[in-house]
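Hydrogens, waters and symmetry mates are skipped; everything else that's a heavy atom, side chains included, is used. Quick note on labels: first sequence line is chain A, next is B, and so on, each numbered from 1.
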Protein chains: 2
Amino acid sequence: MKLTSKGRYAVMALADLARFDNISPVSLRDISLRQGISLDYLEQIFSKLRKKEIVQSVRGTQGGYILNRKAREIKLTNIFDAVDEKVKTLQCKKESKKGCNGKSTKCLTHNLWDELENHINNFFDKKSLDDLVKSNFERKF
Amino acid sequence: MKLTSKGRYAVMALADLARFDNISPVSLRDISLRQGISLDYLEQIFSKLRKKEIVQSVRGTQGGYILNRKAREIKLTNIFDAVDEKVKTLQCKKESKKGCNGKSTKCLTHNLWDELENHINNFFDKKSLDDLVKSNFERKF
DNA sequence: GGAATACTTGACTATTTTAGTCAAGTTTAT
DNA sequence: ATAAACTTGACTAAAATAGTCAAGTATTCC
């Protein structure tokens, strides 16, 4: 399974962004400073988020990024998808002779990983950016 | 998150083993052939499983491994633990200035990863080796 | 219109992890 | 005694990760 800091950073940055949504664009520089994430790395991440239409960029002075949809409508699944964090738990041995083709000759544990994958995706499908922000509402930044 | 083929192999091998439990020890060579896993790699994995008392070794000719507990009592959590597959989703930035110490100043997404971890562990805690074998009962090997 | 701010893109890389291999044993049944 | 099988530890090629670096382009504000 793949779930690394690129995904975490994306979620952290968007949670940060969501707090200012509808007020003004947030610059990556600000996010970088607040969340302690390298600016260059954030640029990579936001480039992907923009392509998947999760955020919009606002150019020029006082520019930055804003959410392209309501925080409530952005599920964590969408975010992970955008930055190529696949919640693929494990693929069965590729091209194995003994192997698993997913159809007639499933490997012993094939169904298990399928179930797990559903289990995890289910979790991410339910959580929205809004949920994150709300659960941190009382915090100081 | 870490969930790689070492964990998958461990589960596959033990599922294979579980089918012959109480009949006779199963040699790693047989498992290697049936499951298409390198013998040397299996040895590494079983060394860990033995140390965590999930399997017992039987030395000598006709030797091999047997389960140390009933298949029903071996949860997937136990297996992953044994082979060092941590279901640690993500740790928050280590020693960050802005960072998350897990206590007073939790990072924005800290609770999220906690929840996810529980969600996944919950899944693995419920699944036993026996469940796996049973759900594959009709298969030919 | 020019400076400053901020987004945009693409190439590059050190480090770490993964998934093994290789070598040299020890133990035990027959 | 010999072969089967477990046991241990060191080593490594390849891939993935987590970035950095460089060179832009676009826009706003003064």
May I have the distance from Leu39(A) (atom CG) to dA18(D) (atom P), rounded to whole angstrom? 18 Å
Checking Glu53(B) against Asn68(B) for the side-chain hydrogen bond (donor to acceptor under 3.5 Å, both in side chains) test, could you report, in this order, the C-alpha distance in whole Å, the side-chain angles of both residues, the deciding distance, and whether it holds? CA-CA 6 Å; Glu53(B) 301 182 334; Asn68(B) 201 26; 5.0 Å; no
Counting only heavy atoms not in Gln56(B), do more than 12 sit closer than 6.0 Å to its CD atom? yes
Side chain of Ser38(A) - closest among dT7(D), dA18(D), dG19(D): dG19(D)
Give a yes/no answer on whether the side chain of Thr4(B) brings an N or O atom under 4.0 Å of OP1 or OP2 in dA19(C). yes
Expressed as a whole number of angstroms, how long is the span from Arg29(A):CZ to dT8(C):C1'? 18 Å
Separation of dA4(D) atom C1' from Leu28(B) atom CG, nearest Å, is 12 Å
Within the structure, does a side-chain N or O atom of Tyr9(A) lie under 4.0 Å from either OP1 or OP2 of dT17(D)? no
Pairs: protein N or O with nucleotides 8-14 of chain D N or O, under 3.5 Å:
{"residue": "dT8(D)", "atom": "OP2", "partner": "Arg50(B)", "partner atom": "NH2", "Å": "3.3"}

Check the interface with nucleotides 26-28 of chain D: list each N/O to N/O pair with the protein under 3.5 Å, or write none.
{"residue": "dA26(D)", "atom": "O4'", "partner": "Arg59(A)", "partner atom": "NH1", "Å": "2.1"}
{"residue": "dT28(D)", "atom": "O2", "partner": "Thr61(A)", "partner atom": "OG1", "Å": "3.2"}

Those residues at least two apart in sequence (or on a different chain) that pass side-chain contact (heavy atoms from CB on, under 4.5 Å) with Arg72(A) are Lys70(A), Asp130(A)
Ignoring backbone atoms, establish whether Ser57(B) has a side-chain N or O less than 4.0 Å from OP1 or OP2 of dA5(D). no
Atom CD1 of Ile37(B) and atom P of dA19(C) are separated, to the nearest Å, by 12 Å
Using the ring of each side chain (for Trp, its six-membered ring), is Tyr9(B) parallel, tilted or perpendicular to Tyr41(B), with breaks at 30° and 60°? perpendicular
For Glu43(B), does the CD atom sit with more than 12 other heavy atoms under 6.0 Å from it, leaving out its own atoms? yes
Give me the one residue out of Val26(A), Leu67(A), Ile31(A) that meets side chain to side chain contact (heavy atoms under 4.5 Å, CB included) with Phe20(A). Val26(A)
Can you find a side chain N or O atom of Ser27(A) that sits less than 4.0 Å from OP1 or OP2 on dC7(C)? no
Flag the pair Leu132(A) / Val11(A) as yes when at least one side-chain heavy-atom distance between them is below 4.5 Å, and no otherwise. yes
Starting at atom CG of Asp30(A), determine the distance to atom C1' of dA6(C), rounded to an integer number of angstrom. 11 Å
Between P of dA5(D) and CD1 of Ile66(B), the distance in whole Å: 16 Å
On DNA chain D, does the nearest nucleotide to Tyr41(A) precede the nearest nucleotide to Phe46(B) from the 5' side, or the other way round? Give the residue. Phe46(B)
Length of the line joining Gln56(B):CD and dC6(D):P, which is rounded to integer Å: 14 Å
Length of the line joining Lys48(A):NZ and dG19(D):P, which is rounded to integer Å: 14 Å
Could you check whether any side-chain heavy atom of Ser128(B) comes within less than 4.5 Å of a side-chain heavy atom of Ile74(B), counting everything from C-beta outward? no
